[in-house]
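A quick write-up on the structure given underneath.
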Amino acid sequence: MVAYGGISSLSLSHSPCFSSSPYLRRRCFSTCRTFALMAGLGDDPVRDWILSEGKASKITRISPVGGGCINRASRYDTDAGSFFVKTNRNIGPSMFEGEALGLDAMYKTRTIRVPKPFKVGSLPTGGSYIIMEFVEFGASRSNQSVLGRKLAEMHKAGKSENGFGFDVDNTIGSTPQINTWSSDWIQFYGEHRLGYQLKLAQKQYGDSTIYQKGQRLIQKMAPLFENIVIEPCLLHGDLWSGNITYDKNGEPVILDPACYYGHSEAEFGMSWCAGFGGSFYNSYFEVMPKQPGFEKRRDLYLLYHYLNHYNLFGSGYGSSAMSIIDNYLRMLNA
């Protein structure tokens, strides 16, 4: 949703895969005030945390990190290192809490690099903030082989004993993402991913056709999952090119998650805007072997994100989503 370390890092959305995030365009309803004004408005919990639990004795510089509209992003340089801070004056801490829990879950796998979250809280004048590790980005966006391997290692390490879902609901872009725990992946994906988006489309556009056909697909899609074992894996949940970068050592970094535990293949739902190549998939499948029927399920996972784009951006994505649904209904003789 904001530029991080000088490079756009957002959640989902690419309309259609612009290098600067469409989420920035969609989220410009937010007030992007200069963060320094906070100090003049009363207590500053960000500064207080940095100068206490952040173990800094002085803040040497606060500089804006450009690119965001819904969230204000700043870099705090201190004698104890640098911190990355996002603030939002319109939304309470629940959005940032979901982001922090996702970052923390990925961080604890010790596999792929993510910024470590430190603190989430409320602003005294309204709104919320998140403080996290500042990652210095490099200029290169290369080495997809390493990205594929590390992502697979995260999927392999990040397991859940609670089934499919997450500890809290979060957002995919600005759309709520429901993460109620379920022991059944097909039920979870049908109800909380496809079904939720279909209801939004019906409510927002009165699109009963896509709703009815989509519900038929949900009811008939079980054969696509025959002869495979689905284990809940920790997913980034919104993995597209705007949320992938590399640090100054060339190691991949993933940002702005919409985490939950799900089928590993669902991670590729934004692949149409991620630019994954052969070396990425080859390295990924060396760690997480490809399951039978992978190709038949691929578009089913794209469908969730196309539906979300439809609900966020309008009709162009609706026709793409309908095309996927129609193709599956023919394939399944439904």
Side-chain angles (χ1 to χ4, degrees), residues 1-14 17-24 50 54 56 60-68 71-86 99-100 102-118 130-155 157 234-259 267-268 270-271 273-284 286-287:
M1 338 259 164
V2 295
Y4 181 95
I7 298 177
S8 278
S9 75
L10 322 146
S11 269
L12 178 119
S13 180
H14 346 280
C17 301
F18 297 127
S19 58
S20 65
S21 168
Y23 273 158
L24 302 182
I50 289 173
T60 57
R61 183 181 181 186
I62 303 173
S63 51
V65 179
N71 299 314
R72 175 72 184 177
S74 300
R75 172 177 177 170
Y76 278 63
D77 293 317
T78 79
D79 58 350
S82 296
F83 298 90
F84 182 70
V85 178
K86 291 195 292 188
E99 179 177 357
L103 288 171
D104 188 59
M106 293 190 297
Y107 184 85
K108 286 178 176 176
T109 66
R110 306 295 181 185
T111 52
I112 194 166
R113 187 172 186 186
V114 300
K116 183 179 181 179
F118 295 126
I130 182 171
I131 305 171
M132 65 183 79
E133 172 190 10
F134 186 89
V135 178
E136 197 76 52
F137 294 163
S140 172
R141 294 181 63 89
S142 59
N143 209 337
Q144 286 206 356
S145 178
V146 175
L147 173 63
R149 174 174 55 80
K150 287 186 173 290
L151 182 66
E153 289 172 353
M154 185 185 83
H155 289 170
L234 178 62
L235 308 181
H236 174 282
D238 188 16
L239 200 62
W240 70 288
S241 59
N243 289 342
I244 303 167
T245 188
Y246 294 81
D247 66 17
K248 60 184 180 181
N249 297 318
E251 290 294 310
V253 183
I254 55 178
L255 312 161
D256 286 348
C259 285
E267 192 77 282
F268 307 131
M270 280 303 304
S271 59
C273 276
F276 297 143
S279 63
F280 169 87
Y281 286 108
N282 289 339
S283 293
Y284 180 90
E286 285 179 2
V287 178

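Owing to the predicted nature of the structure, the values given are computational and were not obtained by experimental measurement. Both backbone and side-chain heavy atoms feed into the values below; hydrogens, waters and symmetry mates do not.
The shortest distance between side-chain heavy atoms of N143 and P252 does not fall below 4.5 Å. Using a 4.5 Å heavy-atom threshold, the side chains of T245 and L255 count as touching. When side chains are defined from C-beta on, I50 counts as touching F83, because their heavy atoms get closer than 4.5 Å. In this structure, S74 and Y76 have side chains that are in contact, with non-hydrogen atoms separated by less than 4.5 Å. Between I112 and L147 there is a side-chain heavy-atom pair separated by less than 4.5 Å. L239 places a side-chain heavy atom less than 4.5 Å from the side chain of L151. The side-chain heavy atoms of P117 and E99, taken from C-beta on, include no pair separated by under 4.5 Å. Residues V135 and F84 form no side-chain contact, since every pair of their non-hydrogen atoms from C-beta on lies 4.5 Å or further apart.
Expressed to the nearest 0.5 Å, how far CD1 of I254 lies from CH2 of W240 amounts to 14.5 Å. From M154, atom CE reaches atom CG of L235 across 6.5 Å, with rounding to the nearest 0.5 Å. The structure places CG of L103 at 7.5 Å from CG of D256, a figure rounded to the nearest 0.5 Å. Taking CZ of F276 as the reference point, atom CZ of F268 lies at 7.0 Å (rounded to 0.5 Å).
Of the N and O atoms on the side chains of E267 and H236, not one donor lies less than 3.5 Å from an acceptor on the other residue. Neither side chain, T60 nor D77, offers a donor N or O lying under 3.5 Å from an acceptor on the other.
Judged by distance alone, with hydrogens and angles left aside, the side-chain atoms of S283 form a donor-acceptor pair with the main-chain N or O of S145 at under 3.5 Å. Looking only at distances, no side-chain donor or acceptor of D104 sits under 3.5 Å from a matching main-chain atom of A100. Remark: side-chain polar atoms of S241 are paired, donor with acceptor, to backbone N or O of C273 under 3.5 angstrom. With hydrogens and angles ignored, the 3.5 Å screen pairs a side-chain donor or acceptor of T78 with a backbone N or O of G81. When atom types are taken as modelled, the side chain of N249 and the backbone of E251 share no donor-acceptor pair closer than 3.5 angstrom.
Of the listed residues (R113, R75, K116), just one forms a salt bridge (Lys or Arg N to Asp or Glu O under 4.0 Å) with E133, and that residue is R113. When each of R149, H155, K150 is paired with Y284, the side chain to side chain donor-acceptor pair (under 3.5 Å) condition holds for H155 and for no other.
T109 and A105 make their closest contact through CG2-O, 3.4 Å (heavy atoms, listed as atom of the first residue, atom of the second, distance). The shortest heavy-atom contact between G275 and Q144 is O-NE2, 2.7 Å. Contact between G102 and P257 at its shortest, heavy atoms only, is C-CG, 4.3 Å.
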Determine whether S271 and F280 satisfy the following criterion, side chain to side chain contact (heavy atoms under 4.5 Å, CB included), listing intermediate values before the conclusion.
CA-CA 11 Å; S271 59; F280 169 87; over 6 Å; no

Could you go through the side chain to side chain contact (heavy atoms under 4.5 Å, CB included) check for E136 and D247 one step at a time?
CA-CA 6 Å; E136 197 76 52; D247 66 17; over 6 Å; no

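Contact check on R110 versus E153 returns no salt bridge, with no Lys/Arg side-chain nitrogen under 4.0 Å from an Asp/Glu carboxylate oxygen.
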